Structure formats: structure tokens, C-alpha cells
Amino acid sequence: MSVISRVGPTTTPDFMTQYLEVLSLVERLHRLLLDVIKDEFERIGTLEINAVQGLLLFNVGDNEVTAGELKSRGYYQGSNVSYNLKKLVDMGYMHHQRCEIDRRSVRVRLTEKGRAVHKAVADLFERHATGLQGRDVLDKDGIGDITMALRRVERYWSDQIRYIY
């Protein structure tokens with residue numbers, strides 16, 4: 001049996017073109033999101049942290065987490081999260097303390113300063129959600145369809161990492 005017959009039919013050129021467009025769009029949207037957050041920080045005068053750090057503060061929210069937990073949630077790469085957490089602690093946006101059980105592990109949570117950034121990003125996202133709905137860019141079904149499709153791609157990619165065919 002040939003490899004092709006085991007893998008299945010080859011991808012159609014049209015599907016491949018659209019898949020590459022989706023990959024490009026996801027990458028552009030992520031960069032654009034960071035630009036939007038950066039612009040909001042400039043507008044409100046929050047200039048000492050970058051957009052990645054702001055998004056990290058947003059994602060931590062009211063939780064107390066370790067760098068490993070943030071990494072395992074898929075938000076950040078290992079060295080990137082450790083570097084940014086250290087910077088945010090040094091600048092007073094986060095508290096940190098060693099875990100009682102595992103002394104190698106450090107748990108972090110937001111300070112008042114960090115919560116203010118979290119609120120600013122949350123308010124920005126709320127304005128976006130309201131605008132997207134209010135201007136008929138997306139409705140509840142549309143956002144649901146996008147979410148479902150992206151979750152299926154995420155699951156497929158995760159399987160590619162975990163399992164070798």
C-alpha cells in the first residue's frame with residue numbers, strides 16, 4: 001500500500017490556498033490585537049508595559065497562578081512568560097510568592113496596579129464586543145461559528161504535536 005492511499009486524498013489547491021490564508025489571518029490578527037492594546041495603553045497613559053504584558057495581566061485576572069500554568073493554558077511560551085512575569089513583578093504589577101509545597105514554584109497574582117491594567121484591557125474588549133455586535137460585524141451565531149472552527153483547528157494541531165501518524 002502506498003503512503004498516499006493510507007493518508008487519503010490529497011488536498012485540493014483551493015483548500016490549500018484558503019488554509020494558508022487562514023494561517024496568515026490568524027497571525028495578522030494576533031499582531032493587530034497587540035497593536036490595539038498598545039494604542040489603548042498610549043491613550044490612557046500606561047507606557048511602562050507592553051501589549052504582551054498587558055494581555056498577560058488580563059489573562060491572570062483574579063487568579064493566582066504559576067508560570068507553568070500560564071504556559072500549559074497555551075497563552076505563552078516558557079521563556080517569554082517567565083521573562084514577562086519577572087518584569088511585571090519588578091514594576092509592581094504582580095505579587096509573587098514561593099509555593100509552600102513545591103519551593104521551586106512561584107505563584108503570582110495581580111497587585112492593585114495590575115488590576116487597573118486588567119480592567120483597562122477588559123473595558124477595551126467590552127467596547128470591541130459591543131461595537132462588533134452593534135455594527136453588525138458579528139452576531140452571536142457568527143462568533144459561535146468562528147469559535148467552534150478555531151477550536152477544531154486547535155484540537156487538530158494539538159493532536160499533531162502529541163501523536164505521530
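Just so we're clear, the structure is a prediction, and the values are computed from it rather than from any experiment.
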Residue pairs passing the side chain to side chain donor-acceptor pair (under 3.5 Å) test where at least one lies in residues 108-125, sequence neighbours excluded: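 Passing the test, one end in residues 108-125: E48-K113, E112-R115, K119-D123.
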Pairs touching residues 139-155 that satisfy side chain to side chain donor-acceptor pair (under 3.5 Å), sequence neighbours left out: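 Of all non-adjacent pairs touching residues 139-155, none passes side chain to side chain donor-acceptor pair (under 3.5 Å).
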My understanding is that only residues two or more places apart in sequence, or in another chain, count here; which of them pass side chain to side chain contact (heavy atoms under 4.5 Å, CB included) with [X]?
X   : value
A51 : L34, I37, K38
D39 : E42
K87 : Q53, Y83, M91

Salt bridge (charged side-chain N to carboxylate O under 4.0 Å, His left out) contacts in which one or both residues fall within residues 124-134, not counting sequence neighbours: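 Only E40-R127 qualify under salt bridge (charged side-chain N to carboxylate O under 4.0 Å, His left out).
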With sequence neighbours excluded, residues passing ring-ring contact (aromatic ring centres under 6.0 Å, His included) with F125: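 Here the qualifying residues are F58.
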What side-chain donor-acceptor pairs closer than 3.5 Å can you find for residues 13-23, not counting sequence neighbours?
{"residue": "T17", "atom": "OG1", "partner": "P13", "partner atom": "O", "Å": "2.9"}
{"residue": "Y19", "atom": "OH", "partner": "W157", "partner atom": "NE1", "Å": "3.1"}

For R28, side-chain hydrogen bond (donor to acceptor under 3.5 Å, both in side chains) partners two or more places apart: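 Partners of R28 by the side-chain hydrogen bond (donor to acceptor under 3.5 Å, both in side chains) criterion, ordered by chain and then number, come out as S24.
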R107 side-chain N/O to E64 backbone N/O, donor-acceptor pair under 3.5 Å: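 Such a contact is found between R107 side chain and E64 backbone.
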Nonpolar side-chain network containing L29, other nodes, edges under 4.5 Å: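 L25, all in the cluster of L29.
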All salt bridge (charged side-chain N to carboxylate O under 4.0 Å, His left out) counterparts of D136, not counting sequence neighbours: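 Once residues adjacent in sequence are excluded, D136 has no partner under the salt bridge (charged side-chain N to carboxylate O under 4.0 Å, His left out) criterion.
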L55 side, atom CG; L33 side, atom CG - distance, nearest 0.5 Å: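 Output value for this atom pair is 6.0 Å.
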Between CG on residue L138 and CD1 on residue I143, distance to nearest 0.5 Å: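 It is 5.0 Å, given to the nearest 0.5 Å.
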